[in-house]
Amino acid sequence: MNVIDAPNLNREIPEEFLSTLELQRKAYLVNPNPDHKSRVADLKALSRMLKENQAALVEAIHQDYGNRSEFETLFCEFFVVLDGIRDTIKQLKGWMKPMKRHADLMMYPLAKNRLIPQPLGVIGVIVPWNFPLNLSIAPLTSIFAAGNRAMVKMSENSAHLARLLRELSPRYFPLDKLAFFEDAGGRGPAFSALPFDHLLFTGSGQTGRAVMANAAANLTPVTLELGGKSPAVVGPDFSIKTAAERIMWLKLLNAGQICTTVDYLFLPEGKVDEFVGHAKRLVAERYPDINGPDFTSIIDERAYQRLTDTLDDAKAKGATLINLSPQTTPDATRRKFAPHLVLGATPDMSVLKREVFGPILPILTYRDPQEVVDYINGRDRPLAIYPFTRVKSLQKLFIERTMSGGVSVNEGILHVAQHDLPFGGVGASGMGHYHGYEGFVTFSKLRPVYYQAPFSTIQMMFQPPFANKKALDMIKLLIRLRG
């Protein structure tokens, strides 16, 4: 499709969007199927861009947050992504091979079928602010592995990083291969209105609906990575101490600003006090001063106020709030938000209505595991669930009787870091997958190709005219044989 002929474009689309899309599409048509060597070169260039500019990238993310833990940036935005690039390079040659498919009996033995993965073209990527480097480079790993070109729009809350990536990218990639864009002035709707060959969006469900509507006008396929309220449930058999250590590690990572964090927790009745005791101890040991560099700031004032309002709402409606770090006063100017547990939450409280996206953990209790299953199934399908139990039948109950994007058993979030597992939501938490082979497939057209034999069985057996009934009798016989 010529860019200017796309049905969803209008004069409000920034010229740099249009010109870059046109440039990349023309480059794609010149070389629509890059070979293995060039794809590996692109992946290695991505890796070099991260490694050679590590300090500057870490600092840019730190500035965007106000305070971002250096360890969290290096672990979540560098190590995981670089490891994914390395794994993709190792697997890519096998992924690119045409796949043999069975030829129908009537075409056998000389005809053959093949499924050939080919690049789609120009991919659009809309990146959120919470893991802005990971959620731009990890998709690019799959996109480049599949042989495509990409336009990446960063979040308005990632201004420092966006400017840096715009400066760095041309040193490693031509504009007709990769382009980064800032989101000054709320240009997201214009970006999602472009006629990409595929569009990946990571963010809220509300914005995801708007992105999908814009993409639909161009029949652009979408992968939506959204969020939701991902639960953890601790089984009666599982150590509360171990569960607290693992759950609180995840909940306080990036100050809870993760789409796959534990949004609420189910504990067996009678176990709440024990969990609270461990949570207090863990915060005191791990974050003795939340104003220090290890505890990440809330991204902006609006998000900080939303979290404050969430606690106020819960308290006003009768919940018990437990501040896990009472030894220090949070620095509001740096948007440091104290970790809290919420006990006695009820469905009318916002803490159970909407995704928390911060260091607040509501705790619910249960007697029968089926109560947990019913509660989860009575709400939107989450991006993840985290069952903590060593009882196989109970693991099976939570996995088979609920639905979510992914599952980590006896741990949190680590299914996302497995390179041989796809990542993606379901229902309100998203659609489609990327990471690993499934990412390669998402950004490829698995093109079916049939190669005819030197002679055609169909032509020999089913030539008109059909008045002599030979062909008609033959097709009736074949239908009976397949009954």
Side-chain angles (χ1 to χ4, degrees), residues 57-58 61-62 64-84 128-135 137-138 157-158 202 225 227-232 234 242-265 275 278-300 303-304 307 324-325 330 334-342 355-363 382-386 388 405-418 423 435:
L57 291 165
V58 168
I61 295 172
H62 177 76
D64 286 328
Y65 265 89
N67 176 74
R68 176 67 173 300
S69 163
E70 181 181 9
F71 170 82
E72 291 178 353
T73 298
L74 291 176
F75 177 66
C76 299
E77 313 256 26
F78 281 84
F79 171 74
V80 173
V81 173
L82 290 169
D83 201 47
W129 53 262
N130 61 328
F131 291 104
L133 198 60
N134 182 316
L135 295 174
I137 305 301
N157 281 330
S158 300
T202 305
E225 301 299 350
K229 299 187 70 62
S230 297
V234 179
T242 302
E245 290 170 348
R246 297 177 184 180
I247 290 168
M248 294 308 298
W249 178 86
L250 171 56
K251 185 60 184 177
L252 300 184
L253 185 70
N254 207 42
Q257 298 167 109
I258 310 177
C259 59
T260 46
T261 195
V262 177
D263 193 89
Y264 63 97
L265 169 64
F275 186 94
H278 287 303
K280 286 181 176 180
R281 172 183 56 81
L282 291 165
V283 171
E285 292 173 356
R286 296 174 178 179
Y287 303 98
D289 181 1
I290 64 169
N291 294 322
D294 285 343
F295 194 70
T296 294
S297 296
I298 302 304
I299 188 64
D300 60 18
Y304 188 93
L307 293 172
L324 295 176
S325 58
R334 299 172 63 206
R335 300 183 303 281
K336 297 282 191 166
F337 198 93
H340 278 76
L341 301 179
V342 179
E355 188 175 5
V356 173
F357 224 71
I360 300 172
L361 180 63
I363 297 178
L383 190 54
I385 64 167
Y386 302 117
F388 288 80
V407 183
S408 286
V409 178
N410 297 333
E411 188 56 275
I413 208 172
L414 290 190
H415 67 285
V416 179
Q418 308 306 305
F423 172 69
H435 289 192

Between [Y] and [X], is there a side-chain heavy-atom distance shorter than 4.5 Å?
{"X": "E77", "Y": "P132", "result": "yes"}
{"X": "Y304", "Y": "S297", "result": "no"}
{"X": "L252", "Y": "Y287", "result": "yes"}
{"X": "L133", "Y": "V81", "result": "no"}
{"X": "I363", "Y": "F275", "result": "yes"}
{"X": "D300", "Y": "W129", "result": "no"}
{"X": "E355", "Y": "C259", "result": "yes"}

**OP:** Give a yes or no on whether K229 atom NZ has more than 12 heavy-atom contacts from other residues, nucleotides or ligands under 6.0 Å away.
**Re:** yes

Subject >> More than 12 heavy atoms from other groups under 6.0 Å of CD on E245 >> reply: yes

Do [X] side-chain atoms and [Y] backbone N/O form a donor-acceptor pair below 3.5 Å?
{"X": "K336", "Y": "N67", "answer": "no"}
{"X": "R246", "Y": "G412", "answer": "no"}
{"X": "N254", "Y": "G256", "answer": "no"}

Out of curiosity, [X] [atom1] to [Y] [atom2], how far, rounded to the nearest 0.5 Å?
{"X": "F131", "Y": "T202", "atom1": "CZ", "atom2": "OG1", "result": "12.0 Å"}
{"X": "L307", "Y": "I298", "atom1": "CG", "atom2": "CD1", "result": "5.0 Å"}
{"X": "F71", "Y": "F78", "atom1": "CZ", "atom2": "CZ", "result": "13.5 Å"}
{"X": "T260", "Y": "I413", "atom1": "OG1", "atom2": "CD1", "result": "3.5 Å"}

For [X] versus [Y], what's the shortest heavy-atom pair and its separation?
{"X": "V80", "Y": "C76", "answer": "CB-O, 4.1 Å"}
{"X": "V407", "Y": "H415", "answer": "O-CB, 3.4 Å"}
{"X": "L414", "Y": "E411", "answer": "CD1-CG, 3.5 Å"}
{"X": "P339", "Y": "S325", "answer": "CD-OG, 3.5 Å"}

Partner of [X] under side chain to side chain contact (heavy atoms under 4.5 Å, CB included), chosen from [options]:
{"X": "V356", "options": "V262, V342, L361, D263", "result": "D263"}
{"X": "K251", "options": "L324, T261, L341", "result": "T261"}
{"X": "F295", "options": "S69, P359, P330", "result": "P359"}
{"X": "F388", "options": "I247, L265, V409", "result": "I247"}
{"X": "R68", "options": "T73, I299, V58", "result": "T73"}

Original post:
Is there a donor in the side chain of N130 and an acceptor in the side chain of Y65, or the other way round, less than 3.5 Å apart?
Top reply: no

Subject >> Between T296 and Q257: side-chain donor-acceptor atoms closer than 3.5 Å >> reply: no

Original post:
Would you call the rings of F423 and H435 parallel, tilted or perpendicular if under 30° counts as parallel and over 60° as perpendicular?
Top reply: parallel

Original post:
Taking the inter-plane angle between the rings of H340 and F337 on a 0 to 90° scale, is it parallel (under 30°), tilted (30 to 60°) or perpendicular (over 60°)?
Top reply: tilted

Original post:
Quick check, are the ring centers of Y386 and W249 under 6.0 angstrom apart?
Top reply: no

Original post:
Should S158 and I61 be marked as a side-chain contact (heavy atoms from CB on, under 4.5 Å) after you check the CA-CA gap, both sets of side-chain angles, and the distance that decides it?
Top reply: CA-CA 7 Å; S158 300; I61 295 172; over 6 Å; no

